[in-house]
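Every chain is numbered from 1, with letters handed out A, B, ... down the list of sequences. Only a predicted model underlies this, so the values are computations on that prediction, with no experimental measurement involved.
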Number of protein chains: 2
Amino acid sequence: MTDATPDRRGGRQLPTADELRIWRDFIETTAALSSRLESRLQSDSALSTGDYAVLLALSEAQGQAMRSSELATHIGWERSRLSHHLGRMERRGLIRRQECATVPRGSEVLLTTAGAEAFRGATFPHLRAIRELFVDALTPDQIVAAGEIAAALRARLDVLRPH
Amino acid sequence: MTDATPDRRGGRQLPTADELRIWRDFIETTAALSSRLESRLQSDSALSTGDYAVLLALSEAQGQAMRSSELATHIGWERSRLSHHLGRMERRGLIRRQECATVPRGSEVLLTTAGAEAFRGATFPHLRAIRELFVDALTPDQIVAAGEIAAALRARLDVLRPH
DNA sequence: TTAGCATCATTGACATGTCAATCGGTAGGC
DNA sequence: GCCTACCGATTGACATGTCAATGATGCTAA
């Protein structure tokens, strides 16, 4: 990556072939990693990573319950996505919904016994898979670098808020 | 990250809190990045990244055509996924399918004029978005590191082939 | 020959995600 | 008091992805 070319950065330049290759490797590999984690979790525990995120948040919440919109913010989902997902999880008996006592027109999401058990059973295999597929794949330096890269990308996404 | 603890790596240890935090940042940020790219491409060109991958492969192919299974291998998709996607793209007039002359029971996928034009129109904005959201977000060193991290993760995924 | 098997591609059933519309209720502005 | 605008949450329509089953066709071995 030389600085000798006239309009290197800060310019209207398109990515170089090298940059594009790295981009493709990076984005495809991280997608494959997510997908592998997803199927590991699925076969280890019959939960999706979405289920896991919801159950984790509820497990750590006061009284194992949260307001729906709070939960959406906490795990960073759109509300309609959460609503659909909670409907599916409720049908499977993992959570329950009831009117919120304190907030008018609020809905409270509760962890059921079955949900808590499913989460307990999923935790260990899931963390083990994260170690095997991510932590053990990288050197300690690379893990730090991955954190910095994520932070830099996140900052860029935040600056370039969608229009 | 010290080596002083008894069972550091190569062990049955779960990830540390730091490792887990980095893991979450990393996987969520890359997912958000994909999603942002997807919506940029969508609003710039009315194409999805899936459409783009198919059109890119066909554009670069001999005669702007490929056998279906060749195409699936080339872009790394399952065949059923490709088949569904081609059906949708065919309905929109971006590609055409016809029986393959050389291979029995093979199907040949052809780029239409509309497909080629849609791809031409999408290329520049898409590459610009990759520059803005990825290349410009990172230092040159970080881009190199991202490439190495992707390679290491990919190698790990390949070693731990699903069962 | 023909039964069984492998291969290429498609299909159907279903899980998941997004976007826009809706529903019910609360709160201001007048 | 009433109209309106907003807010939390859900819903419907649709795009996309996976898995398992199904055609359709050629290959091979008894």
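For A/Arg67, counting side-chain heavy atoms from C-beta on, the closest listed nucleotide (D/dC19, C/dC8, D/dG8) is D/dG8. You'll find that the side chain of A/His84 is closest to D/dG12, out of C/dC8, D/dG12, D/dG8. The listed nucleotides are C/dC8, D/dG8, C/dT11; the one nearest the side chain of B/Ser69 is C/dC8.
Within 6.0 Å of CZ on B/Arg92 lie more than 12 heavy atoms contributed by other residues, nucleotides or ligands.
Nearest-nucleotide positions on DNA chain D place A/Ser68 closer to the 5' end than the other of A/Ser35 and A/Ser68. Toward the 5′ end of DNA chain C lies the nearest nucleotide of B/Glu70, the other residue of the pair B/Glu70 and A/Arg92 mapping further downstream. Toward the 5′ end of DNA chain D lies the nearest nucleotide of A/Arg79, the other residue of the pair A/Arg79 and B/Gln42 mapping further downstream.
Residues A/Ile95 and A/Leu110 fall into different hydrophobic clusters, defined by Ile, Leu, Val, Met, Phe, Trp and Tyr side chains chained together at heavy-atom separations under 4.5 Å.
Ionic pairing of A/Arg96 and A/Glu90 is not present here: no N-O contact between side-chain nitrogen and carboxylate oxygen is shorter than 4.0 angstrom. A salt bridge is absent between B/Arg154 and A/Glu28: the closest approach of a Lys/Arg side-chain nitrogen to an acidic carboxylate oxygen does not fall below 4.0 angstrom.
C/dT10 atom C1' lies 14 Å from atom CD of B/Glu78, rounded to whole Å. Atom CG in B/Leu71 sits roughly 14 Å away from atom P in C/dC8 (whole-Å rounding). Summarising the geometry, the separation between CG on A/Leu86 and C1' on C/dA15 is reported as 15 Å, rounded to the nearest angstrom. Between the CD atom of B/Glu38 and the P atom of C/dT16 there is a distance of 19 Å, given to the nearest Å. Atom P of nucleotide D/dA20 and atom CZ of B/Arg81 are separated by 17 Å, given to the nearest angstrom. The separation between A/Arg91 atom CZ and C/dC14 atom C1' is 11 Å, rounded to whole Å. What separates CG of B/Leu82 from C1' of D/dT16 is a distance of 13 Å, to the nearest Å. Atom C1' of nucleotide D/dT10 and atom NE2 of A/His85 are separated by 16 Å, given to the nearest angstrom.
Listed pair B/Arg88 / D/dT16 meets the phosphate criterion, a side-chain N or O lying under 4.0 Å from OP1 or OP2. Note on B/Arg97: a side-chain N or O is less than 4.0 Å away from OP1 or OP2 of C/dT10. Note on A/Ser48: a side-chain N or O is less than 4.0 Å away from OP1 or OP2 of C/dT16.
The two residues A/Phe134 and A/Ala146 have their closest heavy-atom pair at CZ-CB, 4.4 Å.
Base engagement by B/Ser83 is indicated by at least one non-hydrogen atom pair under 4.0 Å involving a base atom.
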